[in-house]
Amino acid sequence: MILPDAYIKFYERCIQKMPATLIGTDLSDGKSDFYSAALELLDKNGIDNFLTEDDFVFMMHQGYIFWYFKADGNPNPIVHGFQEGKNKPDQLETFSNFINEFK
């Protein structure tokens, strides 16, 4: 799994001071098992697993929303989000655009 530099910088910045709009949201340090938690959420909601081995679940909000991207070396991957109550994930935007709202 290859994490983009932009994610690493974003994570490090959030460790220093979490943006107010992310209160209640957990970020993955790359060691946390958000992937398994995401699979549990899908299973709980009767949704077939759509995640692949190179998907990196980087953020979860209170156990009912998660965001992920392909950690395949792309420096600016597309972010997808899944929310409890939906049948499939939403394709959002590139990672750099996604994090702009959290400055």
Side-chain angles (χ1 to χ4, degrees):
M1 199 165 282
I2 304 168
L3 297 179
D5 288 339
Y7 176 74
I8 295 167
K9 290 176 185 171
F10 174 68
Y11 176 80
E12 289 172 349
R13 186 179 53 135
C14 289
I15 285 180
Q16 298 300 315
K17 182 175 185 208
M18 185 65 87
T21 54
L22 288 179
I23 301 299
T25 302
D26 296 313
L27 295 173
S28 177
D29 58 7
K31 299 172 189 163
S32 303
D33 197 5
F34 285 18
Y35 189 89
S36 290
L39 292 178
E40 286 178 29
L41 179 61
L42 294 175
D43 185 56
K44 173 183 162 191
N45 285 275
I47 306 295
D48 290 335
N49 178 25
F50 50 75
L51 295 170
T52 64
E53 287 184 16
D54 62 347
D55 287 333
F56 178 63
V57 179
F58 70 94
M59 201 159 67
M60 291 197 86
H61 182 76
Q62 310 237 337
Y64 70 95
I65 303 173
F66 66 85
W67 294 266
Y68 68 97
F69 56 77
K70 295 236 176 274
D72 59 3
N74 181 342
N76 196 21
I78 299 294
V79 173
H80 300 267
F82 177 79
Q83 181 172 340
E84 194 169 44
K86 292 195 171 190
N87 292 324
K88 62 180 186 169
D90 294 317
Q91 180 175 314
L92 302 173
E93 53 195 322
T94 61
F95 185 76
S96 61
N97 286 339
F98 179 79
I99 62 170
N100 276 337
E101 71 180 86
F102 303 116
K103 291 188 176 188

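Here the shortest heavy-atom pairing between G85 and N45 reads N-OD1, 4.0 Å. Between P75 and P4, the shortest heavy-atom contact is O-CB, 3.5 Å. Here the closest heavy-atom approach between residue S96 and residue I99 is recorded as O-CG1, 3.5 Å.
The list of salt bridge (charged side-chain N to carboxylate O under 4.0 Å, His left out) pairs with a residue in residues 56-65, not counting sequence neighbours, is empty. For residues 38-47, the set of pairs meeting the salt bridge (charged side-chain N to carboxylate O under 4.0 Å, His left out) definition, not counting sequence neighbours, comprises K44-E84.
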Check: residues 87-95 side-chain donor-acceptor pairs under 3.5 Å, at least two apart:
residue, atom, partner, partner atom, Å
D90, OD2, K86, NZ, 2.7
T94, OG1, N97, N, 3.4
T94, OG1, N97, ND2, 3.2

Only distances under 3.5 Å count here; give the side-chain donor-acceptor pairs of residues 23-30 to other protein atoms, sequence neighbours excluded, each with its distance to 0.1 Å.
residue, atom, partner, partner atom, Å
T25, OG1, L22, O, 3.3
T25, OG1, H61, ND1, 2.8
S28, OG, G30, N, 3.0
D29, OD1, K31, N, 2.7
D29, OD1, S32, N, 2.8
D29, OD1, S32, OG, 3.1

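When side chains are defined from C-beta on, F98 does not count as touching I78, because their heavy atoms never get closer than 4.5 Å. Within the 4.5 Å cutoff, side-chain heavy atoms of D55 are placed close to those of K70.
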Exercise for review: Carefully, step by step, assess F56 and M1 under the rule side chain to side chain contact (heavy atoms under 4.5 Å, CB included).
Suggested key: CA-CA 8 Å; F56 178 63; M1 199 165 282; 3.6 Å; yes
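When the salt bridge (charged side-chain N to carboxylate O under 4.0 Å, His left out) test is applied to D72, no partner is found at least two apart in sequence or on another chain.
Other residues sharing the hydrophobic cluster of L41, ordered by chain and number and joined by side-chain separations under 4.5 Å: F34, Y35, L39, L42, I47, F50, L51, V57, M60, F66, Y68, F82.
For the atom pair OH (Y7) and CG (D5), the distance works out to 13.0 Å, reported to the nearest 0.5 Å.
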